[in-house]
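Only one structure is covered here, and it is reproduced in the block below.
Only this structure's heavy atoms are used, side chains among them; waters, hydrogens and symmetry mates stay out.
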Amino acid sequence: MRTVFFGLALPCAGIASPASASVIECQMEQMGMNMGWVAPTIALNQDVGAATAKVSDGIILFLAGAPVDAKVATDNAKRTTYVWEIKTQDGSGQNGKLLYRMTLMKADLSARIKVIPQGYGNNFDAGGRCKPLKA
């Protein structure tokens, strides 16, 4: 995979926030080992009790054009884990997928994200801090 860096001006672009929703914005570490596949800012919007959430960041907006659905894989008293995928295409036209898994710890709003490029042996991960946004 090639190294790509995506900036993000408006992480919540396209994410509505009704009164029954929780919007979280996460600032993620930017390290060389991420190779540009972890955006600096990630926004999550989840309706209270919903099994899915909307997720948006610079990578998603560039590759998918709009926020994507994330499945809530785990939700308990300690953490919530979200999973989503983004379809990609390299310079030669070969299709691929990036599988994302992000865990948000409820006690301190810390986050860990892992990105697995399907069909490759490597993966990328980063930590960060999140904060709720006011609706």
- Does Gly127 offer a backbone N or O that forms a donor-acceptor pair with the side chain of Glu29 under 3.5 Å? yes

- Mind running side-chain contact (heavy atoms from CB on, under 4.5 Å) on Asn95 and Lys87 for me, showing each step along the way? CA-CA 7 Å; Asn95 293 323; Lys87 294 180 180 174; over 6 Å; no

- Message: Tell me every residue that passes side chain to side chain contact (heavy atoms under 4.5 Å, CB included) with Ser110, counting only those two or more places apart in sequence or in another chain.
- Response: Met105, Asp108, Arg129

- Message: How long is the straight-line distance from CG of Leu98 back to CG of Asn123, given to the nearest 0.5 Å?
- Response: 11.5 Å

- Message: Counting C-beta onward and ignoring hydrogens, is there a side-chain heavy-atom pair between Met28 and Ile113 closer than 4.5 Å?
- Response: yes

- Message: As an exercise, state the distance from OG1 of Thr88 to CD of Gln94, rounded to the nearest 0.5 Å.
- Response: 9.0 Å

- Interatomic spacing from CD1 in Ile24 to CG in Leu109 - rounded to 0.5 Å: 6.0 Å

- Message: Measuring from atom CD1 of Ile59 to atom CD1 of Ile42, what distance do you get when rounded to the nearest 0.5 angstrom?
- Response: 7.5 Å

- Hydrophobic side-chain clustering at under 4.5 Å (ILVMFWY, transitive links): who's grouped with Val83? Put none if nobody. none

- Between Thr41 and Gln27, do the side chains contain an N or O donor and an N or O acceptor separated by less than 3.5 Å? yes

- Which atoms form the tightest heavy-atom contact between Gly58 and Ala39, and what is the distance? N-CB, 4.2 Å

- Query: Would you say Lys106's side chain and Asn76's backbone share a donor-acceptor pair under 3.5 angstrom?
  - Reply: yes

- Task: Take Leu104 and Arg79 through the side-chain contact (heavy atoms from CB on, under 4.5 Å) test and state the conclusion after the steps.
- Result: CA-CA 6 Å; Leu104 175 66; Arg79 70 182 183 274; over 6 Å; no

- Contacts of Tyr100 that satisfy ring pair (Phe, Tyr, Trp, His ring centres under 6.0 Å) - sequence neighbours left out: Trp84

- Step by step, would you call Ser22 with Val48 a side-chain contact (heavy atoms from CB on, under 4.5 Å)? CA-CA 7 Å; Ser22 172; Val48 176; 5.6 Å; no

- Message: Would you say that Leu61 contacts Ser56 through its side chain, given a criterion of any heavy-atom pair below 4.5 Å between the two side chains?
- Response: yes

- Query: Phe62, Trp37: one ILVMFWY side-chain cluster at the under-4.5 Å cut-off?
  - Reply: yes

- Message: I need the Met102 CE to Cys26 SG distance, nearest 0.5 Å.
- Response: 3.5 Å

- Identify whether the distance between the nearest side-chain nitrogen and carboxylate oxygen of Lys54 and Asp47 falls below 4.0 Å. no

- Task: Supply the atom-to-atom distance Thr81 OG1 to Arg112 CZ, rounded to the nearest 0.5 angstrom.
- Result: 13.0 Å

- Does the side chain of Val23 reach to within under 4.5 Å of the side chain of Pro132, using non-hydrogen atoms? no

- Task: Is it possible for you to say whether Leu44 and Val72 belong to one hydrophobic cluster, with membership spreading through side-chain heavy-atom contacts below 4.5 Å?
- Result: yes

- Message: Would Glu85 and Asp69 count as a side-chain contact (heavy atoms from CB on, under 4.5 Å) here? Give the steps.
- Response: CA-CA 9 Å; Glu85 65 181 50; Asp69 289 327; over 6 Å; no

- If Ile, Leu, Val, Met, Phe, Trp and Tyr residues are connected whenever their side-chain heavy atoms lie under 4.5 Å apart, and connections chain through other members, are Ile60 and Leu63 in the same group? yes

